[in-house]
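What follows is a set of notes on a single structure, which appears directly below.
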Amino acid sequence: MAHSMRGAAVIAGIGQTAHGKLPGRTPLSMTVEAVRSALRDAGVEKDAVDGVFCKYPTSTFASMYGQQVAEALGMRPRVGGVWDQGGATNISMISFAAMCIENGQCEVAIVTTADNPRTGTRQAYERAWGDDAAYGWFSTPAGYAMIAQRHMAQYGTTSEQLGAIAVACARHGAANPLAAKRTPLTLQDHQASEWVVEPLRRADCCLISDGGAAVVVMSARRAAELGVADPVPILGFGQGQESWEVALRPDLTTTAASASAQTAFTMAGVTPSDIRVAQLYDCFTITPLMILEDYGFCKKGQGGAFVENGNIEVGGQLPINTSGGLLAETGMPGMQLVIEGVRQVRGTSTSQVPGDGPCVVANQGGVMHTHSTLVLGR
Amino acid sequence: MIGTNSQIDLPEPSPDLTRFRNRLSAGRLSFQRCDECHDAWLPPRDHCPHCLSPAFTWEDASGRARVVSWVVYHRAFHPAFADRVPYNVTVVELAEGPRLISNVVGISAADGLAIDTPLALAVETEGDVPVARFRLS
């Protein structure tokens, strides 16, 4: 029997600001612009909204930020506030919104994020790891490099294979007029890129961007009542969590993505072979490689071979990050991947993948600390 | 917080971390073991993360360890490490089980490091703070 939440909620509208270097824009200002755009896309009046779910900005962290957002939107929602799972936050909030709606806590929810680490501070990404700063243990890239090195040493994954992911995202970003970075990348460019924290090169690291994005979530029934033009059903969702200290994970090469996908795929009633296209969180190139393994698109250790030879580019077996992902479209964590998932189901992507199978979207946060999965499709 | 000079500003240590550092200053790398379920752990904390018991005993580690993974910094994220690049940060697993973030010293960058490379303790200081670094054994 199908899961009761399968297709119960929809993404009724998507909205975003420009992404890149946006001096003078505050997260609140970008939030309002993105929400306005998402409500227009849904064709829904603001007064219908009674849920506001926000990701906090890393550049201007403030308590009770969700209430600041609601005030800027002129809303007094029944359900509202901030959730913190780093880059996994957006899909998790969409799933909480869907569950609130299903259980009568609210009817129409805004899920939104905006941040300006490019023009503001990016200290959140460069800071010390607590007491371990005494060992020179600093920065987010280093955490991913630690995981990548283990994967390389254990399975023979190569820097060129990581490069294949950067090349695919750059190709898809170049086709997307909304992408912050539209210059193509060759494998040679990737290999010539300097080390940041070895084994990760500059070209393995995502953009750092200012920007905002929002989606409107409601029940499929409400979308029909309101005459929403092109609602995209949410078929499944799930989450997973890992230890705070990267060093304490028994196996550095297996992540919470596995549990998250299992929950989401079970709800959606799909297996990896049903998936047509994937938007996989690419803060660093090692991340989608391991998500492909943990989601079951290939066996553990074979992610490197899977991404080679254009297999993850449009025309390949499983195109990923068809708007450019965090590596090319925007460094803003996660929501843009959801929006591209909606476009793929609607058939409006600039790198549209033919077919009518579902799109899976992966968000993750910290250094593979948190994971959330969304399956979209009709 | 990251300072602008070469001083590394570490968080205020918990009582258990102070205990760990005091023992390390005396050349003893130690970890905690639960009195009830006998789970062994680092970093220091005052409840067993396995069975949640508050009853534990400090034990001295043998100083033998092995490499789990490593990275090499080619640029410093803090001025204190500017003259040390390229340097490694390594996840080590003690023979007794607990893991810690460390550095393998006495090598260039990460030369000679591989999964399970055997290591031996080399206590050093970083400013006023004792640190548990390792050498190839």
Side-chain angles (χ1 to χ4, degrees), chain A residues 61 121-157 159 193-202 204-205 242-254 284 286 290 301 367-368, chain B residues 1-3 8-14 17 20-21 41-44 49 67-78 80-82 84-93 97-105 109-110 113-117 124-134:
Chain A
F61 194 89
T121 176
R122 62 189 72 172
Q123 198 190 38
Y125 307 116
E126 299 193 345
R127 67 185 164 213
W129 289 91
D131 305 311
D132 290 326
Y135 299 92
W137 182 228
F138 286 84
S139 86
T140 303
Y144 284 89
M146 190 68 81
I147 291 169
Q149 180 60 66
R150 177 74 194 199
H151 203 281
M152 290 167 140
Q154 191 165 335
Y155 299 114
T157 306
S159 174
S193 169
E194 63 180 351
W195 298 120
V196 175
V197 181
E198 191 181 346
L200 295 184
R201 303 175 183 278
R202 175 73 56 198
D204 291 307
C205 305
E242 254 299 350
S243 67
W244 170 244
E245 302 264 0
V246 173
L248 297 191
R249 298 173 194 167
D251 179 357
L252 295 190
T253 63
T254 299
F284 299 92
I286 184 65
M290 284 174 52
V367 181
M368 304 191 187
Chain B
M1 296 299 289
I2 299 169
I8 305 166
D9 295 323
L10 298 176
E12 194 62 31
S14 66
L17 182 58
F20 173 86
R21 285 183 181 160
W41 71 83
L42 282 176
V67 170
V68 175
S69 192
W70 67 95
V71 300
V72 176
Y73 282 73
H74 289 266
R75 79 171 179 93
F77 286 80
H78 188 284
F81 293 89
R84 302 190 204 182
V85 294
Y87 71 92
N88 72 73
V89 172
T90 302
V91 174
V92 306
E93 183 168 300
R99 288 181 177 183
L100 60 162
I101 288 287
S102 186
N103 310 113
V104 179
V105 294
L113 297 190
I115 290 175
D116 292 338
T117 299
E124 296 186 351
T125 56
E126 187 66 48
D128 301 334
V129 176
V131 287
R133 293 189 168 125
F134 289 83

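Order of the sequence lines fixes the chain letters, A, B, ..., with proteins taken first and strands second; residue numbering starts at 1 for each chain.
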Output for pair (Arg150(A) CZ, Trp70(B) CH2), nearest 0.5 Å, gives 8.5 Å
Interface check, chain A: of Val71(B), Val85(B), Ile101(B), most non-hydrogen pairs under 4.5 Å belong to Ile101(B)
Review point. Does Arg99(B) reach the main-chain N or O of Val246(A) with its side chain, forming a donor-acceptor pair under 3.5 Å?
Key: no
Under 4.5 Å to a heavy atom of chain B? For Arg201(A) that would be neither
One should read off an interatomic distance between Asp132(A) CG and Leu100(B) CG, to the nearest 0.5 angstrom, of 8.0 Å
Tightest non-hydrogen contact, residues Ser69(B) and Leu252(A), listed as CB-CD1, 3.8 Å
Enclosure of Asp128(B) CG (heavy-atom neighbours >12, cutoff 6.0 Å) | no
Practice task
State, yes or no, whether a side-chain contact exists between Val72(B) and Gln149(A) at a heavy-atom distance under 4.5 Å.
Solution key: no
Residues passing the salt bridge (charged side-chain N to carboxylate O under 4.0 Å, His left out) test with Glu12(B), sequence neighbours excluded, are none
Under 4.5 Å to a heavy atom of chain A? For Ala132(B) that would be both
Chain A shares the most heavy-atom pairs under 4.5 Å, among Leu17(B), Val67(B), Val91(B), with Val91(B)
Is any side-chain heavy atom of Pro43(B) less than 4.5 Å from a side-chain heavy atom of Glu245(A)? yes
Looking only at Ala247(A), Gly136(A), Ala153(A), Ala145(A), the option with the highest number of non-hydrogen pairs under 4.5 Å against chain B is Gly136(A)
Here the gap from Ser139(A) atom OG to Arg75(B) atom CZ, rounded to the nearest 0.5 Å, amounts to 7.5 Å
* **Whether Tyr73(B) side chain and Phe138(A) backbone form a donor-acceptor pair below 3.5 Å** => yes
Going by the angle between their ring planes, with limits at 30° and 60°, are His74(B) and Trp195(A) parallel, tilted or perpendicular?
parallel
Under 4.5 Å to a heavy atom of chain A? For Leu42(B) that would be backbone
Nearest heavy-atom contact between Leu10(B) and Ala133(A) is CD2-CB, 3.7 Å
Between Tyr135(A) and Arg133(B), is there a side-chain heavy-atom distance shorter than 4.5 Å?
yes
Nearest heavy-atom contact between Ala134(A) and Val131(B) is CB-CG1, 3.7 Å
